[in-house]
Amino acid sequence: MLSISTSTLWGATSIRWAWREARGATQAFIYVTRTFWIVLLLGVFFPIPALGAAGRAAETPPRPRSLADLVEGAAAYDGKRVTVEGEVVGDVMIRGSLAWINIGDGSTTIGVWGRTDLMHQVRLTGNYKTRGDLVKVTGVFRRADPNQGGELDIEATTISVAACGKKVAHPVAPAHVARAVLSVMVAALLGMMARLVLWKEETREVGDGRKP
Amino acid sequence: MARSLVAIGYYTGQMVMLLAGTMSLPLLTALVSREPVVALDFLTGMGVSFSVGAALVLVCKRGRKADLTWSQGMVVVALSWVASTALGALPYYLSGYWGSYLDAMFDVMSGLTTTGLTLVRDLDHVPDGINMWRHFLSWLGGQGIVVLALSFLIRSIPGAFKMYVGEGKDERLLPNVISTAKAIWYVSLVYLAVGAAVLWAVGVRIGLPTDRAFLHGLWVFMAAWSTGGFAPQSQNIIYYHSLAYEVVTMVFFIIGSFNFNLHWAIWSGNRREIYRNIETVTFAVTSTVLATLVLWELSRLGVYGDAVSLFRRGYYSLISAHTTTGFMTTYARQFALEWGPLSLLAITIAMLFGGSASSTAGGFKAVRIGIAFKAVVFEVRRLLYPERAVVVEKIHLWRDVVLGDKQVKSALTIIVLYVFAWFAVFAATAAYGYDLPSAMFEAASVVGNVGLSAGVTSATMPAFLKSVYIMGMWVGRLEFMAVFVFAGYILRLAKPAWITGSRA
């Protein structure tokens with residue numbers, strides 16, 4: 001009990017004194033001591049970078065869980081800096097000094113535009129034959145971007161490739177071939193039979209004088 | 001009854017064999033794009049479809065010379081659409097991009113009816129062969145499977161016009177129905193060549209590689225002209241991030257929503273028809289009124305801050321809805337989350353109104369809206385004028401004609417049926433717990449064969465609702481009569497004594 005009560009008073013006592021106290025203390029006291037040190041270290045070092053970011057406190061990047069989150073919460077994220085990850089799909093569309101890519105994460109796909117040089121690092125884009133590069137995009141999300149005719153998009157400031165894309169193989173299985181050959185053979189057989197039967201019918205009609 | 005069944009079976013078999021033939025285009029695309037697995041899937045699809053068609057023709061060979069009655073013509077059309085949906089889904093299902101056979105059938109029906117709603121998974125990685133099939137189905141469905149059959153397969157059959165009418169087309173461009181079908185294809189193919197070339201050029205200009213720009217141009221034109229609304233990427237038209245692409249597609253889907261007779265009239269030198277025709281006048285009025293509502297509401301809510309944004313998102317969506325195209329320049333959920341009730345209502349009404357009759361568009365059709373409006377004006381005038389006065393109301397549809405009771409009754413019947421169908425689909429959607437505005441919006445999109453979505457349509461939606469949507473698209477595209485006759489025919493087969501009233 002003494003140990004615990006001591007730990008609660010640590011904020012008002014010296015660290016050295018507390019450490020001495022802890023030497024003969026219970027396990028619970030040791031945990032509390034370690035926590036204190038961690039909190040102290042975080043308290044000293046965390047504010048240093050935080051001070052640098054103080055001027056842009058309003059732009060602290062929210063972390064959408066998915067791209068669909070951005071669409072669902074478009075009003076909340078509007079104008080904010082966001083960092084998202086997704087596979088580049090389709091094409092990199094270069095239009096002079098600016099370029100567009102589209103990234104998808106399985107929940108939805110959204111457009112990202114920025115300086116053309118940012119897009120040059122994209123090597124593979126996703127389609128049937130390739131899995132596109134997985135990119136990490138940081139930029140400003142806009143619900144209705146006035147620069148792009150009201151489109152919901154991200155204006156990228158940084159893009160980095162988190163994982164390189166790769167070719168996707170689509171091997172032909174023997175079952176595929178067998179299925180196709182069998183169905184074509186049956187079709188050919190039935191088609192020839194239909195042709196023959198209809199021809200016989202027509203010939204008989206001509207023979208019967210039913211057809212000029 | 002047996003003779004009737006044989007005739008229906010024979011012509012349905014012919015249609016199914018034609019469907020098998022149409023799979024050669026995606027097969028060729030898969031081969032050129034070096035997609036051997038996809039090519040084998042299409043070969044399987046072709047084989048199975050051709051076998052079913054040939055078997056039907058063999059079994060029903062005596063139906064070859066039958067003179068189709070009106071009901072038989074309608075049943076052939078309805079049955080051909082069902083068979084095409086079931087068999088056309090095979091390559092989709094084999095590709096593995098659809099979660100179930102029902103999902104694959106949903107997408108085929110959506111394509112054939114030029115709706116454009118989709119349940120495909122991972123569209124951004126779909127092979128070229130499959131994408132060609134998606135858009136080609138839309139293209140075929142826009143012109144009509146029967147129109148295709150009359151043009152290229154069935155040279156001369158008694159009762160061809162009855163099948164033609166059963167597919168929702170009721171005007172002949174030329175005295176002969178087969179010549180009319182060929183003329184429809186002629187008009188469409190010329191536009192295809194021009195439209196695909198323009199979109200190809202725009203695609204290259206906005207940064208697509210030349211080969212991709214060609215395929216995208218071809219596919220997007222097919223979807224625009226047929227007012228289908230499919231696109232090769234999951235973001236639909238947003239994928240291109242281009243005003244030029246949006247404007248070009250808008251021009252082509254507006255043209256695509258016009259009556260084929262209007263195209264023919266203009267091609268024949270009668271350009272004044274475009275200003276005088278009741279359909280174009282009605283479309284101009286309704287689209288202006290509804291666009292004003294949408295733009296006013298979006299401005300009031302501050303959804304878009306400038307005129308360009310309002311045009312590219314608000315106006316584009318409204319016209320896409322009104323022509324029943326379904327191309328999207330906003331994300332589906334944005335409709336539900338941001339657009340406000342008045343905008344959603346205006347878009348819903350636009351989807352129900354639809355484009356012109358005898359076109360690729362769905363909905364009530366402008367001619368029926370025009371006739372209904374004229375009928376109201378006529379009644380008001382009749383009440384205002386002295387009792388002895390002879391009041392006549394005229395409409396201009398290729399020529400000036402006096403508005404008669406028969407036309408009004410016919411137009412109002414179809415409008416009422418559309419409203420009933422919309423309500424049934426809306427009720428089914430709402431019953432599954434979707435919010436009412438989204439359910440109303442999605443139901444109008446389904447029945448009007450539009451393809452805009454408020455986020456309800458997805459691969460995870462309940463299977464029963466998918467089936468209801470398939471029915472809704474089918475009924476909406478064939479404008480009820482063929483489906484009703486088909487249903488009546490089935491009932492008659494099942495319970496002949498009850499339906500025919502026979503005491504035997």
Side-chain angles (χ1 to χ4, degrees), chain A residues 68 71-72 74-75 87 89-95 99-100 102 104 106 108-111 113 126-132 143-146 148-153 168 170-173 176-177 179-195 197-198 201-202 205 210, chain B residues 13 17 20 33-41 43-51 54-55 57-58 61-62 64-65 94 122 124-128 130 206-209 212 233-235 238-243 246 303-306 308-314 329-331 333-334 337-338:
Chain A
V71 179
E72 282 291 322
E87 180 200 353
V89 293
D91 308 277
V92 177
M93 289 176 268
I94 294 170
R95 299 172 190 173
W100 278 95
N102 295 289
T108 193
T109 306
I110 68 171
W113 65 278
N127 55 47
Y128 175 62
K129 292 176 184 169
T130 54
R131 194 51 57 181
R143 184 191 58 77
D145 191 342
Q148 304 297 345
E151 188 171 326
L152 180 150
D153 61 24
V168 179
H170 297 280
V172 178
H176 272 110
V177 181
R179 199 166 57 195
V181 169
L182 184 69
S183 59
V184 169
M185 281 170 63
V186 171
L189 186 70
L190 284 169
M192 280 192 291
M193 280 172 67
R195 186 88 195 137
V197 167
L198 291 178
E201 285 271 314
E202 276 182 23
E205 282 170 9
R210 274 186 274 166
Chain B
M17 284 166 78
S33 299
R34 282 177 283 181
E35 297 162 350
V37 178
V38 182
L40 287 170
D41 289 344
L43 213 52
T44 307
M46 279 178 84
V48 171
S49 303
F50 194 86
S51 300
V57 167
L58 262 177
K61 60 182 185 290
R62 292 194 189 283
R64 191 166 54 95
K65 288 287 167 192
L94 294 176
D122 198 13
D124 294 320
H125 294 93
V126 160
D128 290 345
I130 291 287
I206 63 170
L208 292 175
R212 302 297 306 160
Q233 302 287 151
S234 62
Q235 291 155 284
I238 303 172
Y239 173 80
Y240 303 101
H241 316 290
S242 163
L243 173 63
E246 288 158 19
V303 179
Y304 300 109
D306 59 288
V308 176
S309 303
L310 280 169
F311 173 78
R312 290 182 64 180
R313 313 295 147 196
T329 53
T330 57
Y331 290 88
R333 290 292 294 156
Q334 285 187 282
L337 296 169
E338 298 172 12

About how many Å separate CG of Leu182(A) and OG1 of Thr44(B), when rounded to the nearest 0.5 Å?
-> 9.0 Å
When every non-hydrogen atom of Pro171(A) is compared with those of Val37(B), the smallest separation belongs to O-CG2, 3.6 Å
Could you tell me which portion of Val177(A) (side chain, backbone, both or neither) has an atom closer than 4.5 angstrom to a non-hydrogen atom of chain B?
-> both
Value rounded to 0.5 Å, distance of CD1 in Ile238(B) from CD in Gln148(A) = 13.0 Å
Considering only heavy atoms, which portion of Val48(B) lies under 4.5 Å from any heavy atom of chain A: side chain, backbone, both, or neither?
-> both
If you count heavy-atom pairs under 4.5 Å between each of Asn127(A), Leu190(A), Leu198(A), Val172(A) and chain B, which one has the most?
-> Asn127(A)
Rounded to the nearest 0.5 Å, how far apart are OG of Ser242(B) and CZ of Arg95(A)?
-> 5.5 Å
In terms of heavy-atom pairs under 4.5 Å with chain B, the winner among Glu72(A), Arg195(A), Met193(A) is Glu72(A)
Sequence neighbours left out, what passes side chain to side chain donor-acceptor pair (under 3.5 Å) with Thr108(A)? Give chain and number order.
-> none
How far apart are the closest heavy atoms of Ala144(A) and Tyr304(B), and which atoms are they?
-> CB-CD2, 3.7 Å
Using non-hydrogen atoms and a 4.5 Å limit, figure out which bit of Leu337(B) sits close to chain A: side chain, backbone, both or neither.
-> side chain
Rounded to the nearest 0.5 Å, what's the gap from OH on Tyr239(B) to OG1 on Thr109(A)? Could you check?
-> 10.0 Å
Who wins among Leu189(A), Asp153(A), Ile110(A), Val181(A) for the most heavy-atom pairs under 4.5 Å with chain B?
-> Ile110(A)
In terms of heavy-atom pairs under 4.5 Å with chain A, which of Pro209(B), Ala54(B), Gly314(B), Ser51(B) leads?
-> Ser51(B)
Going through the distances and angles, do Asn102(A) and Gln235(B) end up as a side chain to side chain donor-acceptor pair (under 3.5 Å)?
-> CA-CA 9 Å; Asn102(A) 295 289; Gln235(B) 291 155 284; 2.9 Å; yes
Distance in Å, Glu35(B) CD paired with Lys129(A) NZ, rounded so as to fall on 0.5 Å steps | 5.5 Å
Specify which of Met46(B), Lys61(B), Gln233(B) makes the most heavy-atom pairs with chain A at under 4.5 Å.
-> Lys61(B)
Can you tell me how far the CD atom of Glu151(A) sits from the NE2 atom of His241(B), to the nearest 0.5 Å?
-> 5.0 Å
Would you mind telling me which of Arg179(A), Glu87(A), His170(A) has the largest number of heavy-atom pairs within less than 4.5 Å of chain B?
-> Arg179(A)
Interface residue of largest heavy-atom contact number with chain B, from Gly126(A), Ala99(A), Gly104(A), Gly149(A), under 4.5 Å | Gly149(A)
Are Tyr128(A) and Ile130(B) side-chain neighbours, meaning at least one heavy-atom pair lies under 4.5 Å?
-> no
Any idea which heavy atoms bring Gly47(B) and Ala187(A) closest together, and the distance?
-> O-CB, 3.4 Å
Side chain from CB out, backbone as N, CA, C, O: work out which of these in Arg62(B) comes under 4.5 Å of a heavy atom of chain A, or both, or neither.
-> side chain
For Asp124(B), is it the side chain, the backbone, both or neither that has a heavy atom under 4.5 Å from a heavy atom of chain A?
-> both
Counting only heavy atoms closer than 4.5 Å, note whether Asp128(B) contacts chain A via side chain, backbone, both or neither.
-> neither
Interface residue of largest heavy-atom contact number with chain A, from Val57(B), Thr329(B), Val303(B), under 4.5 Å = Val303(B)
Okay, Val89(A) and chain B: the region with an atom under 4.5 Å from a heavy atom over there is both
Closest non-hydrogen contact found for Gln334(B) with Arg143(A) is NE2-O, 3.8 Å
So what's closer than 4.5 Å to chain A heavy atoms on Glu246(B): side chain, backbone, both or neither?
-> neither
Proximal component of Phe311(B), with respect to chain A [non-hydrogen, under 4.5 Å] = neither
Between chain B and each of Val186(A), Val197(A), Leu152(A), Val184(A), count heavy-atom pairs under 4.5 Å; write down the option with the most.
-> Leu152(A)
